[in-house]
Amino acid sequence: MRPLTFLCVTCYHKGQDFLSACKAAGNTVYLLTAKNLEHAEWPRHAIDEFFYMDSDENTPENFANLEQGLAWLMRSKKIDRIVALDDFDVEKAAFLRETFRVPGMGQTTARYFRDKLAMRMKAADAGIPVPPFSPLFNDEEITHYATTVPGPWVVKPRAEASATGIKKVHTMEELWQVVHSLGDKRHGYLVEQFKPGAVYHADAITVDGKVDFCRVSKYLNTPFEVAHGGGIFRSATLPLGSDDDRAVQELHAKVMDAFGMQFSASHTEFIKSNEDGQFYFLETSSRVGGAHLAEMVEYASGINLWAEWARLETAMAKKQPYETPQAKDDHAGIVVSLSRFQHPDSSGFDDPEIVWRLRKNHHIGMIVRSSDLDRIHALLDDYAGRIHRDFHASAPVPDKPMD
């Protein structure tokens, strides 16, 4: 039997462990990435051939270019699976699967893991709590929403990741100013009630329609606060079996089932409202979480989400059984910040709990691991204060995620 051929798609420099594990499983691995990443530090031993896209936009014009490029490639090479390694590439991969009848998630299901409006409508239909929301299609509906749902509200792009492009408004006048400023692009946005609260994330692997592994963590600064307030990104795992862990695990399983997830890694976010203590679904994605959360989860659980996702995709393509390895019950936390120094010196952070350091220009970050969650929180609080004093820099919110 010939090796399976995987076409991996990403317009960001990520997924190195997936590529390495996919190759180690005996597959032929092609990488379709942005032209400006041609000389990035990819695991070149694991990639049989590179292909490049001049534009990363999810537009009909770019989809047509990708279609023509893959049609040319498939004249001489068989493609068995197409995998999007980043949220922004989910639509590209789904379009190419549909066009060339490659097995995997099609465009309808992919929308539930990419389009925030589709997510909310599907979740609401399934009885999963979501903040009150409205599309921005119709003027009368927007006015009705703003007069019946108490503010403040947030206007969100339907197809961006993280907190990118979100605007918070407090009055109907402000809301309409934002809507009008969007012009002909307003249909690509939605409005929802802003619910202050703690944000949690579930990082998981689903196999045969059932969640096989899930680790729940809590952002110590919400992504919105970090993006819009110049904050320092922090997250830490929850105690397994705690009330919040069980609540998020249950809601996460309902989301995966309602959205038709069959097999993939996923990253899903929920907010616990300060007002009523209830968990609300925020968003999900059919890929490994960004911001180095995968590394945090690995240090806590022993599960490398990127590598296991590659093993899972290979097993599904070969129609073989897959089972996630037994997870460890440890705790980990992460702190990451922009730095005003190009190569910040983090050697002053020397606690034995540090297991990982971020190596990236103008960034500083660490992951700590311990069986004592209080120790994790104490370290992250201490590090956040020191980083803010000695290293921290802030930047305007980007138009697109900078993961």
Query - Arg357 side chain to Ser346 backbone, donor-acceptor under 3.5 Å - result: yes
Query raised in the report: Cut-off 3.5 Å, side chains only: do Asn27 and Thr314 have a donor facing an acceptor?
Result: yes
Report task. Kindly indicate, with the supporting measurements, whether the criterion side-chain contact (heavy atoms from CB on, under 4.5 Å) is fulfilled by Ser55 and Asn65. Result -> CA-CA 9 Å; Ser55 170; Asn65 290 335; over 6 Å; no
Query raised in the report: Thinking salt bridges, do Glu98 and Arg101 make one under a 4.0 Å N-O criterion?
Result: yes
Report task. Give a yes or no on whether a salt bridge exists between Arg287 and Asp87, defined as a side-chain N under 4.0 angstrom from a carboxylate O. Result -> yes
Query raised in the report: How many angstroms lie between atom NZ of Lys195 and atom NZ of Lys272, to the nearest 0.5 angstrom?
Result: 14.5 Å
**Report entry** Ring centers of Tyr322, Phe263 separated by less than 6.0 Å
**Finding:** no
Query - Test log, rule salt bridge (charged side-chain N to carboxylate O under 4.0 Å, His left out), inputs Lys116 and Glu192 - result: CA-CA 11 Å; Lys116 290 182 174 65; Glu192 75 175 16; over 6 Å; no
Query raised in the report: Do Phe51 and Leu70 pass the side-chain contact (heavy atoms from CB on, under 4.5 Å) test, and can you show the C-alpha distance, the side-chain angles, and the key distance before you say yes or no?
Result: CA-CA 10 Å; Phe51 302 93; Leu70 189 54; over 6 Å; no
Query - Closest non-hydrogen atom pair, Val130 against Ala124 - result: CG2-CB, 4.2 Å
Query - Parallel, tilted or perpendicular, as decided by the 30° and 60° cut-offs, for the rings of Tyr200 and Phe279 - result: perpendicular
Requested in this report: Check Val355, Leu380, Ile334, Asp351 against Val368 for a side-chain contact (heavy atoms from CB on, under 4.5 Å) and give me the one that passes.
Outcome: Leu380
Query raised in the report: Should we count CD of Gln342 as having more than 12 external heavy atoms under 6.0 Å?
Result: yes
Query raised in the report: Would Lys254 and Glu250 count as a salt bridge (charged side-chain N to carboxylate O under 4.0 Å, His left out) if you check the C-alpha gap in whole Å, the side-chain angles of each, and the deciding distance to 0.1 Å?
Result: CA-CA 6 Å; Lys254 289 181 178 179; Glu250 181 180 346; 3.6 Å; yes
**Report entry** Thr324-Asp212 side chain donor-acceptor pair, cut-off 3.5 Å
**Finding:** yes
Query raised in the report: Counting N and O atoms only, with roles assigned by atom type, does the side chain of His201 sit under 3.5 Å from a partner on the main chain of Thr268, one being a donor and the other an acceptor?
Result: no
Report summary line: Heavy atoms of Phe88 and Lys92 approach each other most closely as O-NZ, 3.2 Å
Report task. Please check if the side chain of Arg120 supplies one atom and the backbone of Leu282 the other of a donor-acceptor pair under 3.5 Å. Result -> yes
Query raised in the report: So, Thr237 and His331: side-chain donor and acceptor under 3.5 Å apart, yes or no?
Result: yes
Query raised in the report: Does atom NZ of Lys328 have more than 12 heavy-atom neighbours from other groups under 6.0 Å away?
Result: yes
Query raised in the report: Using 30° and 60° as the class limits, which term best fits the ring planes of Tyr145 and Trp153: parallel, tilted or perpendicular?
Result: tilted
Query raised in the report: Would you find a donor on one side and an acceptor on the other, under 3.5 Å apart, between the side chain of Arg369 and the backbone of Glu353?
Result: no
Query raised in the report: Considering all heavy atoms of both residues, which atom of Ile232 and which atom of Asn221 are nearest to each other, and what is their separation?
Result: O-OD1, 2.8 Å
Requested in this report: Run the salt-bridge test on Asp115 and Arg158 with the 4.0 Å N-O cut-off and return the result as yes or no.
Outcome: yes
Requested in this report: Kindly assign one of parallel, tilted or perpendicular to the pair Trp356 and His292, based on the angle between their ring planes and the thresholds 30° and 60°.
Outcome: tilted
Requested in this report: Look only at the side chain of Gln193 and the backbone of Pro150, and say whether a donor-acceptor pair between them is shorter than 3.5 Å.
Outcome: yes
Query raised in the report: Checking Asp245 side chain against Gly241 main chain: does a donor-acceptor pair fall under 3.5 Å?
Result: yes
